[in-house]
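Computation of the quantities below employed the complete heavy-atom set of this structure, encompassing side-chain atoms and omitting hydrogens, waters and symmetry-equivalent molecules.
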Amino acid sequence: MSIDWDAELLGPVMSVFGEGAPGVPSSWPTYAPRRGSAFQLPDAVFDEQYHRVVEQGDGSEVSTSTPVLGVRASLFEQPPAQGDRVLIPSNGKTYRVADAQADGHGHVLLVLIEAAA
């Protein structure tokens, strides 16, 4: 028996912590792929100051901070890709996807870079 991670875990959890108001699509992040039409991302979880430790080639470590958006892979016809854009209505900023990191269970962490105006 396999677990439907999207239906059983990701959907319910992200609906609690996601950006915007339930039932108000204009408050949800808008995803604009380089190819194709833009669409809303209900329940996407935005973190403007995501911290991670990056190991350097010399064995030292550096702590970095970057904006990220957690999304459900099931919302995408094509996997999210580097260079796609996303508008976060809560702060009015547009970001470019620097990296898309899938976890293998239906969740994708989009590492973002603020796009030039």
Side-chain angles (χ1 to χ4, degrees):
M1 180 173 152
S2 66
I3 296 173
D4 182 347
W5 291 99
D6 187 66
E8 299 297 327
L9 179 71
L10 295 174
V13 169
M14 293 179 83
S15 70
V16 171
F17 296 103
E19 281 287 300
V24 184
S26 63
S27 68
W28 302 339
T30 301
Y31 194 85
R34 288 183 296 155
R35 294 181 189 94
S37 300
F39 58 95
Q40 306 306 125
L41 292 172
D43 307 332
V45 178
F46 179 66
D47 184 349
E48 197 160 14
Q49 295 292 317
Y50 177 77
H51 293 280
R52 64 182 175 163
V53 175
V54 178
E55 188 173 324
Q56 303 300 297
D58 63 1
S60 64
E61 297 174 336
V62 174
S63 177
T64 65
S65 176
T66 185
V68 297
L69 186 68
V71 297
R72 295 165 50 201
S74 65
L75 299 177
F76 294 81
E77 288 183 18
Q78 298 294 320
Q82 207 173 37
D84 292 351
R85 293 181 177 261
V86 61
L87 167 68
I88 306 295
S90 62
N91 69 8
K93 294 180 181 177
T94 299
Y95 298 88
R96 185 171 43 85
V97 176
D99 192 21
Q101 302 171 352
D103 74 353
H105 295 289
H107 183 263
V108 180
L109 186 67
L110 302 178
V111 179
L112 305 174
I113 298 172
E114 192 169 345

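Of the residues listed (L69, L109, V68, T66), the one engaging D47 in a side chain to side chain contact (heavy atoms under 4.5 Å, CB included) is V68, and it is the only one.
G70 approaches H107 most closely through the heavy-atom pair CA-NE2, 3.5 Å. Annotation for E19 and P29: closest pair CB-CD, 3.7 Å, computed over non-hydrogen atoms. For the residue pair P89 and S26, the shortest heavy atom distance occurs at CG-O, 3.7 Å. Across A100 and V108, no two heavy atoms sit closer than the pair CB-CG1, 4.1 Å.
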Q. Between E48 and K93, is a side chain to side chain contact (heavy atoms under 4.5 Å, CB included) present by the stated rule, with each step listed?
A. CA-CA 11 Å; E48 197 160 14; K93 294 180 181 177; 3.4 Å; yes

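Partners of S65 by side chain to side chain donor-acceptor pair (under 3.5 Å), not counting sequence neighbours, listed by chain and number: Q49. For R52, there are no salt bridge (Lys or Arg N to Asp or Glu O under 4.0 Å) partners at least two apart in sequence or on another chain.
Contact annotation: the side chain of L75 approaches that of P42 to within less than 4.5 Å [non-hydrogen atoms, C-beta and beyond].
Note: L41 CG to R72 CZ = 10.5 Å, rounded to the nearest 0.5 Å. Rounding to the nearest 0.5 angstrom, the gap separating the CG atom in L87 from the CZ atom in R85 is 11.0 Å. Taken from CZ in R96 to CG in L112, the straight-line distance is 10.0 Å, to the nearest 0.5 Å.
A donor-acceptor distance shorter than 3.5 angstrom exists from the side chain of Q40 to the backbone of W28, with no hydrogens or angles considered. No donor-acceptor distance shorter than 3.5 angstrom exists from the side chain of E61 to the backbone of E55, with no hydrogens or angles considered. Looking at D84, its side chain never comes within 3.5 Å of a backbone N or O of A32 through a donor-acceptor pair. Proximity of a side-chain donor or acceptor of T94 to a complementary backbone N or O of A115 within less than 3.5 Å is not detected.
Residue pairs meeting the ring pair (Phe, Tyr, Trp, His ring centres under 6.0 Å) criterion with at least one partner in residues 34-93, sequence neighbours excluded, are Y31-F39, Y31-F76, F39-F76, F46-Y95.
No more than 12 heavy-atom neighbours from other residues, nucleotides or ligands sit within 6.0 angstrom of CD on E77.
Side-chain contact, Q56 with D58: no donor N or O sits under 3.5 Å from an acceptor N or O.
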